[in-house]
Every structure is written in C-alpha cells, then in structure tokens.
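Please read all numbers here as calculations on a predicted model, not as lab measurements.
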Amino acid sequence: MSSPSATRLNALRSLLTQEGLDGLIIPHSDEFLGEYTPACAERLDWLTNFSGSAGTAIALSDTAAVFSDGRYITQMDQEVDKSCWDRLHIFQTPPATWLASHAKPGSRIGYDPRIMSSAELRPFQKQSSTFSLVPTDRNLIDQLWSDRPAFPSAPATIHPLEYAGEDSVSKRSRLAQTLAQSGQAAAVLSDSASVAWLLNIRGTDIPCMPIVLAFAVLHDDATVDLFLQASKLPTDVRDWLGPDVRVHEPEDLEAVLATLSGKSVSVDPATNAVWFAETLVRHGATVTESPDPCLLPKACKNATEQAGTRKAHLKDGIALCQFLHWLDSDGQGTTELAAAARLDAFRAAQPDYRGESFPAISGAGPNGAIIHYRVTPETDRKLNANEVYLIDSGGQYPEGTTDVTRTVWTGPDTPSARLKETFTRVLKGNLRLGRARFPEGTTGHALDALARFDLWQAGLDYDHGTGHGVGSFLSVHEGPARISKVPNPIALQSGMILSNEPGYYEPGAYGIRLETLVLVEAHPATETTRAGYGFETLTLAPFDRRLIDLRILGPEDTAILDAYHAQILALIGPHLPSEAKKWLETACAPLNRA
C-alpha cells in the first residue's frame, strides 16, 4: 500500500506532465519567506511529510529528494518515505548540484516565483546549463491540496510604546533618511517581522510568533504602503498607524508597485520573493539589491526593549525553576508531552504570558539526540530513571522573547563518567563564549570556536550553529547576526540578543544542549584596555550539578558558574514557593562545597 507521500508525489508528477514540466522545486516557505509559516503554506510537509522548519524538495519524473540541514537529518530519516524520496544534507549535497546531476538534458524545471527569493534561485540558475527554469503562474502544490487550510484571519494588534520604546514615525523617518541618502525612492518589505517592528503592530497569524502577515513598501518620505486585508485591521489599529500609512488589499500589490516606474527601489534578495524584482523591472523601475533596512535596527534593541527582555527573562526564570523543581521532585514517570505541557503551564501563570516562542523540544533518552525533535502522541516517551532529558523551550511576553535549553539527569544513580565529561565540555563552551570580550567589528563567526573548543579537544562537535538572534516579542530566530561556523559579515553590536547554545548528541543514546540568551553590551575603554563588547547573560535557570565533572570544569569556570547560580538564587528565589526555593538553594549552592 502506498504511503500518502507516495500518492501525492505521483499526483504531482501527473500535474507536471499536464503543465509541460519535468520537475518542480518546492521550498519550505510562503510568500513572506519567513522561517515559520501558517498551516496553509506548509506545502513541503503536505508533499513529503517532513515537518522541519528548514528544507527544500525537488520532484523529477523518475526521482525525488528532500534536503535539510544537520538539525533535521534524523527527523528526515524518521518522517520521509525513503521508498520515494532521497533524504540529503543540504550542505553536503546542495539542491542545485543534485538537480544538475539528476535532471535530464533539456528538462523544464518549474518553480513558484512568489515563494522563492533571488538568493534561493541563483544557485539553480548557475547550474542550469542542462535544464531550464520555468516560473509557474500559480502554485502547483495548491492545485493538488484539496483540503488546504484558509489564510489566517486574526486581526492585527497594537504594540504599545511601553514595550516598543520608539514610535513608528521615528523609525520610519530614520530609515527613510537612509533610503534618500542612498538614492532609493522606496524599499520593499516582505518580512512580516520587519513590518511589525516598523509599524509597532503585532498579530497571531503564525503559531508562536506574534506577527500579522503583511507586505509593505517604505518610501523615502517616511510614508508606507501596507498590504493587509481590511478585515484584519480594527479601528484602533488603523488609528494607531496614522495617516502616513496607506492601507491596501493584498491583490493591489502589483498596481502599487507599478507606480514606482522610473524610480530606484531597494529589494533584499534574501527576504523578498523573486517576483518582486521581476514585477518592478517589468513596470519600469530600477531594482537595487540591498538588505532589508529594518533588519539591523530591529536587531539592536533600544533601552526600553533591553529592560523589557530582562523582565521577560525574570518571569521565564521563575517558571523554569518551578518546572525544574517539579521535574526533580514529582516528575518521575512523566512523558515528554506531559513535561512540555507542565512547563507551559508554569509559564502561563506568569503575567502577560502570550504563549510559546516555538513548540518545545522535549526529548528523553535517545530522542534528545534528535536536534530539533518534535514530540507527537506517537513518539511520546516516558522519562525513565537514570537517563538524560533535554528540554528546549521559550516564551513570548510583550516585554520580550525567550529561548532556553537545559539538559538534566533523571537519577537516582550517578551518571557515567563519559556522560559527565561530555556535559561538562558543553558547559565549558557555554561559559567560555558567555564571558568573551571582543573588539568592535567582531562577527559571530570569529567567536564560534570558543563554544566548540573544549569539545574539539576531545574529538567532538555539534552539527548546528552556536547562536541565532532573538527578537523583541517577535521571532525567536532573528537576523542578521549569528554565531556559527558559517561566515557572516554582520558584526555584533550593542543591543543585539543572541543565543549561546553549544551541544553534543550521541545518536540512539542522548542529547546535550545548554542554551542561554545573551545581550551584547558595550565595554568602554580604560587606561589599559580598548573599548569593546561583551555579553550579559539574560537566562536565569541553573545547570544540573549532577552532570558536572569539577575536574574537567576547572577552577575558573567553577567560579564563573557559582557566580551565575548565586545571581539566579538572588533574583528568582524570592518569587518561588518555599519548597521550590529550598530546591533552588541546593541547585545553586557553590559547586566546590563539601
């Protein structure tokens, strides 16, 4: 009996034949090119059953493949039907390279220009000497997806100045001045997080991400054309936007772009679908490729947003410590789903909690080795005694967004020496990166090895980045800066919030990841030192002392960890019930105490 994925792949191949095509590129993206998509845009999942947040599929008449990065390799192996799809590492076998070697000469390969960026399309264009790329006038997956969910209908909401810290007029004026100075008449914004930040609005169109899906065009006079259904714009939000924000229905987008004829327009090749550049050129505009002008200002949180994220992490720390106490005292025999639900309940008890910032990664034993494991009722596993449990989760609060991972030992026996060694090496990486000082102009790529150094000394590593940016009541994954082996030209700057999350994964046995969020802060020059930057650790949750080998941790890192735990006890302890506070006192006691 064929799997649903095989049946759908066969249906797609029949449609491709009708359309005169020999293949189709299917990215995991929607028209807004966000990492997270609404249910109506989960086309990759519908076709292949792969539910990861990053990936691409290519379907040809006689073969097909799904590609994703190291976070999802194990997940792909479990979800994707190997009888009809090859499952490949996207960096080891790039999709464009695979297509060039598998497409027959003269093949016509379709793609939807509304859901692929220029940056995504270019590798295919470079490889297209033996095949041709054909833009489709509609999405072919949508033609087959008979029960496709509707587009989100929830309304936009106001993000008040008490949280935003700067009004939209000020933001628009700053960015418009930059546009004018660079000779650009306008900039196209497809990233809904950029639109939300620029206009100080939020929404609930994406699970776990408080945005409303919308396009915008920012002009050099600081006015904005906003493309959003009128039904999603309540009167108070319309008044909040003001007269300089012109609201249009989404189907009017091309007509408004046509009015830019003869002007120079900024289009980000990474965050805008290729359709935008093609449409502007077709209507006589000059397209200049440049980054989304909101990305860097959005990443550098202002003083209000920095103060807000500290408040959010205090709330989150209270919930996390209550959860860790519950797990240690009453969580025996619970399951992965039940544990994640319990943590969410502790967060929900905090004021103004708005939900998870991503679906919790709750992995016990071998499931923890699946880097982006998504527990389901079918995979739900008990937390057995004497194994490792990894919980990666986060919360959304109007003051800020959190993301934290802790790896704990379920006891009661003593962990193995091997396990304690690997845990401690991951911990040393977290502490080493967290205390780094670095000069102006330093990129995350230059810091990445700090987190890996102690693992490398034991011949170990992890197949994911060390740090991603985090938004302010926005996306838990935010650009443009990151900490990774992959080079990135964006220097770390004051006000950026990034994750610090080294890990180690033993397939079939356990996973270790220790994640805190850090805020980039300026360090002024002294008589003997240059000005530079460092990190303020925001996350407030202890590391499991049962998994620490003090001989490997060493005196310097022990002192740093003791100071961090003392800070947690001082800030979180007064907010906990008596039994949880007693637990926290033990969890945060000096490590070298007899």
Discussion item. Test of understanding: with side-chain hydrogen bond (donor to acceptor under 3.5 Å, both in side chains), list the residues that count as partners of T422, not counting sequence neighbours.
Written reply: Y510
Worksheet item: Taking N272 for the side chain and S190 for the main chain, is one N or O donor matched with an acceptor at less than 3.5 Å?
Response: yes
Worksheet entry | Residues which pass salt bridge (charged side-chain N to carboxylate O under 4.0 Å, His left out) with R513, listed by chain and number, not counting sequence neighbours | D392, E501
Practice prompt. Verify the distance criterion only: is there a donor paired with an acceptor across the side chains of T136 and D112 at less than 3.5 Å?
Written response: no
Discussion item. Enumerate the salt bridge (Lys or Arg N to Asp or Glu O under 4.0 Å) contacts for residues 43-55, please, sequence neighbours excluded, ordered by first and then second residue.
Written reply: E31-R43, R43-D142
Worksheet item: For the rings on H464 and Y72, is their centre-to-centre separation under 6.0 Å?
Response: no
Worksheet item: Quick one: does S107's side chain have a donor or acceptor within less than 3.5 Å of a partner on I109's backbone?
Response: no
Distance-only donor-acceptor hits, side chain of residues 16-24, under 3.5 Å, sequence neighbours excluded:
{"unit_1": "T17", "atom_1": "OG1", "unit_2": "R13", "atom_2": "O", "d": "3.1"}
{"unit_1": "E19", "atom_1": "OE2", "unit_2": "R138", "atom_2": "NH2", "d": "2.5"}
{"unit_1": "D22", "atom_1": "OD2", "unit_2": "R108", "atom_2": "N", "d": "2.8"}

Item to complete: State whether the side chain of N430 and the backbone N or O of L514 hold a donor-acceptor pair below 3.5 Å, judged by distance alone.
Response: yes
Practice prompt. Write down the atom of A54, the atom of F50, and the distance for their closest heavy-atom approach.
Written response: O-CE2, 3.4 Å
Worksheet entry | Sequence neighbours excluded - salt bridge (Lys or Arg N to Asp or Glu O under 4.0 Å) pairs with any residue from residues 120-137 | R122-E289
Worksheet item: With no hydrogens and no angle check, do the side chains of T288 and S264 hold a donor and an acceptor under 3.5 Å apart?
Response: yes
Discussion item. For V195 versus A214, what's the shortest heavy-atom pair and its separation?
Written reply: CG2-O, 3.7 Å
Worksheet item: Should the pair R282-E254 be classified as a salt bridge under the 4.0 Å nitrogen-to-oxygen rule?
Response: yes
Worksheet item: Is a side-chain donor or acceptor of K232 paired with a backbone partner of P152 at a separation under 3.5 angstrom?
Response: yes
Fill in: S5 and D81 side chains, donor-acceptor separation under 3.5 Å
no
Worksheet entry | R347 (side chain) donor-acceptor with E356 (main chain) under 3.5 angstrom | no
Worksheet, complete the sentence: Here the salt bridge (Lys or Arg N to Asp or Glu O under 4.0 Å) pairs for residues 448-475, sequence neighbours left out, are R432-D454, D448-R452, R452-D461, D461-K485
Practice prompt. Establish, from distance only, whether the side-chain atoms of D30 and T37 form a donor-acceptor pair under 3.5 Å.
Written response: no
Item to complete: Could you pull out the closest heavy-atom pair between R425 and A458, with the gap in Å?
Response: NE-CB, 3.5 Å
Worksheet entry | Short side-chain to backbone donor-acceptor contact, S29 and I115, under 3.5 Å | yes
Worksheet item: Would F32 and F215 count as a close aromatic pair, with their ring centres under 6.0 Å?
Response: yes
Fill in: Flag for Q184-S266: side-chain donor and acceptor within less than 3.5 Å
no
Discussion item. If I compare all heavy atoms of L9 with all of C84, which pair ends up nearest, and what's the gap?
Written reply: CD2-O, 3.8 Å
Worksheet item: E336 side chain to A364 main-chain N or O, any donor-acceptor pair under 3.5 Å?
Response: yes
Practice prompt. Answer yes if the side chains of Y389 and S362 hold a donor-acceptor pair under 3.5 Å, and no otherwise.
Written response: yes
Worksheet entry | Pairs meeting criterion ring pair (Phe, Tyr, Trp, His ring centres under 6.0 Å) with involvement of residues 101-138, two or more places apart | W98-H102
Worksheet item: By salt bridge (charged side-chain N to carboxylate O under 4.0 Å, His left out), which residues pair with R71, not counting sequence neighbours?
Response: D69
Worksheet item: Listed by chain and number, what are the side-chain hydrogen bond (donor to acceptor under 3.5 Å, both in side chains) partners of D191, not counting sequence neighbours?
Response: none
Practice prompt. Please identify each residue that fulfils side-chain contact (heavy atoms from CB on, under 4.5 Å) with S357, with sequence neighbours left out.
Written response: Q396, T401, V476
Discussion item. How close do L12 and A59 get, counting heavy atoms only, and between which atoms?
Written reply: CD2-CB, 3.8 Å
Item to complete: Flag the pair V388 / T407 as yes when at least one side-chain heavy-atom distance between them is below 4.5 Å, and no otherwise.
Response: yes
Fill in: Side-chain heavy atoms of Y504 within contact of Y462, under 4.5 Å
no
Worksheet item: Does S68 have any side-chain hydrogen bond (donor to acceptor under 3.5 Å, both in side chains) partners at least two apart in sequence or in another chain, and if so, which?
Response: none
Worksheet item: Partners of E35 by salt bridge (charged side-chain N to carboxylate O under 4.0 Å, His left out), sequence neighbours excluded?
Response: none
Fill in: For the student: nearest non-hydrogen atoms of P149 and C40, plus distance
O-CB, 3.1 Å
Fill in: Given R374, E42, H28, Q75, the one that forms side-chain hydrogen bond (donor to acceptor under 3.5 Å, both in side chains) with S51
Q75
Practice prompt. Keeping the roles fixed (side chain from T93, backbone from L88), state whether a donor-acceptor pair exists under 3.5 Å.
Written response: no
